[in-house]
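Only one structure is covered here, and it is reproduced in the block below.
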Amino acid sequence: MIEQNNFILSMENIIKIFPGVTALDDVTFRAEFGEIHALVGENGAGKSTLMKVLAGINSPDSGSINLDSEIVEIGSPGKAQSLGISMIHQELALIPYLTVGQNIYLGREPHRKIKTFIDWKKLYKQAKVQLSRLDMDIDPKTLVVNIPIAQQQMVEVAKALSINAKIIVMDEPTSALTDKETKILFRVMRHLKDQGITILYISHRLEEIFEIADRVTVLRDGFHISTSIISDISSDDIVKMMVGRELGDLYPKKNVPQNECVLEVKGLSSGKLLNNISFHLNKGEVLGISGLIGAGRTELARALFGIDTFDHGEIFINGDSVRIRSPREAISMGLGFLTEDRKEQGLFLGMSVRENITISVLKEFSSFGFPFFSKLKTLTEKFIKQMNIRTPNIHQKVKNLSGGNQQKVLIARWLNLNPRVLILDEPTRGIDVGAKAEIYTLIDRLAGDGVGIIMISSELPEIIGISDRVIVIREGSITGEFSREELSQDKIMQCAATGGIDES
Amino acid sequence: NKEESDGLTLGLSLSTLNNPFFVTLKEGAEAKAAELGAKLIIVDSQDDPSKEATNIEDLIQKGVDALLINPTDADAIVPSIKKANAAGIPVFTIDRGAAGGDVVSHIASDNVAGGKMAAEYMVELLGGKGNVVELEGIAGTSAARDRGKGFNSVVSGNSGLSVVARQTANFNRAEGLSVFENILQAQSEISAVFAHNDEMILGAVQAAEAAGRTGIIFIGFDAVDDAVNAVKSGKLAATVAQQPAEIGSLGVDAAVKSLSGGSVESSIPVPLALVTK
Amino acid sequence: MKKSEKINGYGERFGLIIAFFIMIITISFLSDRFLTLPNILNILRQSSINGIIAVGMTMVILTAGIDLSVGSILGLTAVITADLLHSGIPVFLAILLGLLLGFCIGFVNGLLITKFKIPPFIATLGMMTLARGLAFTYTQGKPITGLNESFRVIGTGMIGSIPLPVIIAALVFFLGYLFLKRSRHGENIYALGNNETAAEFSGIPVKRYISLVYALSGFLSALAGMILIGRLDSAQPIIGQGYEFDAIAAVVVGGTSFTGGHGSVWGTLIGVLIIAVINNGLNLLDVSSFYEQVVKGVVIAIALLLHRLAQKKN
Amino acid sequence: MNLKETDIKDFLRRYSVAMILLIMVISLSLFSWRFLRPANLINISLQTSIVAIVAIGMTFTILTGGIDLSVGSVMALCGALASGCIVRNGFPIYTAILLALIIGVGIGFLNGLLIVKGNIPPFVATLAVMAISRGLTLVYTQGRPISGMGDDFVYWGSGKIGVLPVPVIILFIIFLISYIILRHTRFGLHIYAIGGNEETARLAGINNDKSKIFVYMISSFTAALAGILLTARLWSAQPNAGVGLELEAIAATVLGGTSLMGGYGGTGGTVVGAFIMGVLANGLNLLEITADYQRVIKGIIFILAVMFDIYTKKEKKKG
Ligand SMILES: Nc1ncnc2c1ncn2[C@@H]1O[C@H](COP(=O)(O)OP(=O)(O)OP(=O)(O)O)[C@@H](O)[C@H]1O
Ligand SMILES: Nc1ncnc2c1ncn2[C@@H]1O[C@H](COP(=O)(O)OP(=O)(O)OP(=O)(O)O)[C@@H](O)[C@H]1O
Ligand SMILES: [Mg+2]
Ligand SMILES: [Mg+2]
């Protein structure tokens, strides 16, 4: 074989078939010592599956794996760990009622002389060290349920790093992080690379890949398309290989907001989380909300949607003061809310694509409480086609879809309701470029139809790319507002981090 | 002797109140206590010996003057009786005896004898020949054991009778119904049924009626109101009467008498009677 | 239509159906009385009571809940209905009031769970104790015997050669199926069992559905109670004790999962029949009461193991 | 911000079940002077100890998201086996006890196998084993109680060390062991992890199957132990011992704040939960409430207690 000596890992001719889907079709993938090797591809291309095969979670139907030029059988996650492979999973999988420290060392707890007893002091001391490597200043004795999702993601990173691994797989670690944490993570990755550790890195953010990766492998529909050195390839090339066609402008931006106010918020305050928030949203406008993690953007959306109560403030819809006490009422007033945590708060994982998409409109499609299933089927198929949702059929369980396709299913559910105002909380988290472009087009089209859109996002390019106006939130207060013409990354970052624009 | 018993508090521990038999017993005791002006504290063991031990401890803590115990089990009650003895509280056993401890008096009718009585009447009605079914009480309880023992001692000595099915219906009417339904399916010839209590036999009667099977002789045990009525209307051939109200009443009477210095017999038999039409 | 979903569902229960048939064949070899028409009707009639309760239990468990109070609701509504009948009010009114009472008690369960956030296990355990206590207090521990003949038809009647309870149970199963699998309410119930938060955020009136499900469970328990006392011609305060276990066992044996959102009434039907066939078989074969429980436990365990085995093969 | 106030709230939240117990104790002692007498308190702890021991084992299974319905039957079987070996076969009492405990643990192993290897839901697997064990008890005892085990045996249920009954001391020891296992061993942590998220636990390299089997062995062990203690307390092995005890043990566990979904809770709460039920039963007896009403009141108080618990926890979230 070709220069096998250089490779720490080579996965040869891997085939993995799920019922109805060939997730990996004869994929060969090799990684060198001490490189950062990016893995890209559309949602459902097979990236996670390939890495799960490596981590002993999925067993391949055929193919072999060489580690340090030796053929290995990786039957279980435990075996993978002992072979020096650790993985950060795409879906957050911490245990909610254990502490941060317990989660980091789960299964590998430092113990006392007698092996059964945990040395708590040592565990928490080591955990503290792991966290500080990531610039995280949280008490390792905090329960995981009590920390926000971004910090949970960093705990996952700490967990993977704490295994002294030769190969670290990172499956979309930055999808729940903002720039600050991402920078920290990259610093740590470079440091690991210098120590000769190989990192396999999956991301849908191409700019990150150009920043951090040495080489990049593209997968499409379960096939290996190419592996190239990063300097030999352009962003457009990668996109082309991923989606198999030329992609047009990522941010279409055609519509113009109307002058009619559809939603107005006055003086919204809630405990320490939200402080005197006021803003308005016009018909056909895309209002971006930016801010650091934990700034309170999600809290704001939840308050608007009637999930959490708030202490003061008034909400107007089409000029009428309204009280929204539950999501049901919010929906009946024409609000829609795509939550940031799709698995916990959005999807019915055990149910089918059809059921997930149509759950909110069953009533409209029923007579005497009995839905017309054929109409629901047509409706679902329309969305599958329109949004390019990758699923073998409408009866596939949503849990078997790739993350990006799950997100599209959820968006489809909200589109069904024809909302007046649609709140999107991190709508492109974990979504491939092709799908992102589709979602942006969709947002633009919705705005064109007169829907007011609130778009919460931690990705600055996206906020800048599609918003008509942006407000920045910091520690529960609005610290800046910019029209499309005034927008720049620097201005937003400054408002988000320090609370205002320095004149300097 | 109303004055003498004023201010007396008696504890009555019953094995279960899920069975009308013991409810009637309780009522007999209550009536007598009211008549004699004694106070009666009643606890229900729900057929659970450990609950019984607990309840009796609570009664001892409560400082009752005497304990009337209807044990869930003759053996399991011993430690509780000894505790009462140690606390100086006189103990009377009711309906079921105790295997140890100091008991002032035992007021009961004999379950084994009752089983025999039912069997003998059955033999008489059948003329000593036929297929017999026995519906058993909750496996492991002393009532089921003793009544079955008495019944079988007669039946096994009688070559003309053969027991074609012997199944438990847990002293419960609904189970008596379904278990006997199933037995009816299995046995085309059934001449008589004996059940360890009336609840089960009443269920069996319904099963036979629903299936249109006639000519079966049903004999129950306990003589609860429903069963006595069923005997009157001819649905039941007989039921063994233990006179539960009488047992309760005699128990209270004996306790009050003994507490006020009178002497009572160590064993007070309550006569059994066969209720027939 | 929902073809592949159906095939999936069938495939899931395939092993259970096989286990059921093996059981039937085995018993029919041991007893020639087993597979006769009267006995089959007999088994169906006996399973009708547990079946009716188990349909309600299926709905409850689909919402990731549990209802331990079914037996006690059955008992309380049974004695009160019997008493109403004795008081001489029209039969249909007594039935209506009894069913309404069952519905209301179930609804209280639902309120405790949704409004006061009490875990279903605790709320219904409390209700189980409470309702049983009320049944005993109400009757002073005595059975209420001798019911109106026109009322008793509900338990003893026949349509052709089919017992009325069987027809009622079949109707309940069919309506349960329509409700759960064909109506939008059913789909909402599955959804909220699958992910309650997501259901709430999608605008499903989660609390209303949960209350409804417990109310229906109470209603069906009351209905089962009427059939039972109709057959017995008497209502005892103890009636229905322990029925929750049979119902839950039937539901879980039938493949409905405690985590909610997964399962169906057809699975429950098989579960109910398996339990009834075991009881019937033990009686037909005159297994001694000491061994009865051993055999019962072993048969259930083997049936489930066979089921899993077939599932793996699939 | 008033530090003291939050402290109190936090305290309330953490110890709300204990608070309920305290409130019950105080109000009962107002109603009946007999309640607070040492003799009565010892009496309550003796009555509660057996349920509490079983409930501690139950807590382990519930923490993994499972349940063990077989405990009542296992109690009866092991109590009968220990007594039978002594009375019928003349075994030395400690050999007999050991044998019964081993068989108990074996039944737990069977539960675990059915659940883990047979992939049967814990509810039905243990329901089947519950029936089997009860049946075996009836077969073994032929439906008759076994008695005459001698004073050395009886001591374990009826004896005292100082003023404390032996079962209470055993409860204390079992609680201590359970606490150490859950709070200080890797196995204990893995129990929480499995209950919290089985998949994550598996990915972390934990042998879920082994841990789960072990958990059911623990549950059966405590049930067997409780069975022996009960037998010793009643001086006889009852074939019907422990009927319905599983519900009491589960109720104590849930009342003590352990989630039936698994992953959250502990044995400290369970013991308190068991005592709440014990105090309630004792109090109702002392207050001379008749049997029918006892059930009604028990049901209501049970629900109220949990409401209080939930209410105090909600307070914390808002504050
Ligand atoms: N357990 C499963 N059962 C059935 N199909 C599966 C399963 N897991 C993955 N798939 C399918 O395999 C394909 C590859 O999925 P995979 O998760 O590897 O995609 P991915 O490249 O990681 O996508 P994303 O970027 O959205 O995470 C998808 O079509 C997915 O639906
Ligand atoms: N250090 C912390 N410990 C515990 N909880 C925190 C901490 N920081 C923030 N939170 C919680 O995070 C939430 C506020 O963050 P929120 O999710 O609204 O932020 P966001 O701006 O939407 O960020 P994201 O990018 O995650 O969506 C609140 O529920 C707050 O209680
Ligand atoms: Mg993926
Ligand atoms: Mg957020």
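Naming convention: chains lettered A, B, ... in sequence-line order (proteins, then strands); numbering from 1 in each chain. Everything numeric here is computed off the predicted structure, so don't read it as measured data.
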Q: Would you indicate whether the side-chain heavy atoms of B/Val164 and B/Val132 approach each other to under 4.5 Å?
A: no
Q: Examine whether an atom of D/Ala241 lies under 4.5 Å from a heavy atom of chain B, and if so say whether it belongs to the side chain, the backbone or both; otherwise answer neither.
A: neither
Q | Per-residue contacts, residues 66-74 of chain B versus chain D, heavy atoms under 4.5 Å | A | B/Asp73
(Q) Does the Lys NZ or Arg CZ of D/Arg88 fall within the cation-pi geometry relative to D/Tyr140 - under 6.0 Å from the ring centre and within 45° of the axis? (A) yes
Q: Sort D/Leu230 into side chain, backbone, both or neither according to what part of it lies under 4.5 angstrom from a heavy atom of chain B.
A: side chain
Q: Please state whether the side chain, the backbone, both or neither of D/Ser158 comes within less than 4.5 Å of a heavy atom of chain B.
A: neither
Q: Examine whether an atom of B/Thr141 lies under 4.5 Å from a heavy atom of chain D, and if so say whether it belongs to the side chain, the backbone or both; otherwise answer neither.
A: both
Q: Taking atom CZ of D/Phe31 as the centre, report whether more than 12 heavy atoms of other residues, nucleotides or ligands fall under 6.0 Å from it.
A: no
(Q) So for B/Gln46, is it side chain, backbone, both, or neither that comes closer than 4.5 Å to the heavy atoms of chain D? (A) side chain
Q) Quick check: are there more than 12 heavy atoms from other residues, nucleotides or ligands sitting under 6.0 Å from CG of D/Asp151? A) no
(Q) Using heavy-atom distances under 4.5 Å, tell me whether D/Ala237 contacts chain B through its side chain, its backbone, both, or neither. (A) neither
**Q.** Heavy-atom pairs under 4.5 Å with chain D, option from B/Asp75, B/Asp44, B/Leu17, B/Leu59 with the top count
**A.** B/Asp75
Q.
Quick one, B/Glu136 and B/Gln167 - any side-chain contact, counting heavy atoms below 4.5 Å?
A. no
Q: Without swapping roles, check the side chain of D/Gln238 against the backbone of D/Pro145 for a donor-acceptor pair under 3.5 Å.
A: no
Q) So, B/Asp253 side chain and B/Ser249 main chain: donor-acceptor pair closer than 3.5 Å or not? A) no
Q) Hey, which of D/Arg37, D/Arg134, D/Gln142, D/Gln294 has the most heavy atom pairs under 4.5 Å with chain B? A) D/Arg37
Q | Nearest atoms (heavy-atom pairs only) where D/Arg233 meets B/Ser50 | A | NH1-O, 4.2 Å
Q | Under 3.5 Å: donor-acceptor pair, side chain of D/Thr222, backbone of D/Ser219 | A | yes
Q. Measuring heavy-atom distances to chain B, does D/Leu46 have an atom under 4.5 Å in its side chain, in its backbone, in both, or in neither?
A. side chain
Q: Indicate yes or no for a side-chain donor-acceptor contact from B/Arg145 to the backbone of B/Gly140 under 3.5 Å, with no hydrogens or angles considered.
A: yes
Q | Polar contact flag, side-chain donor to acceptor under 3.5 angstrom, B/Gln242-B/Asn111 | A | yes
Q: Quick one: which of D/Asn43, D/Val243, D/Val51 has the most heavy-atom pairs under 4.5 Å with chain B, could you say?
A: D/Asn43
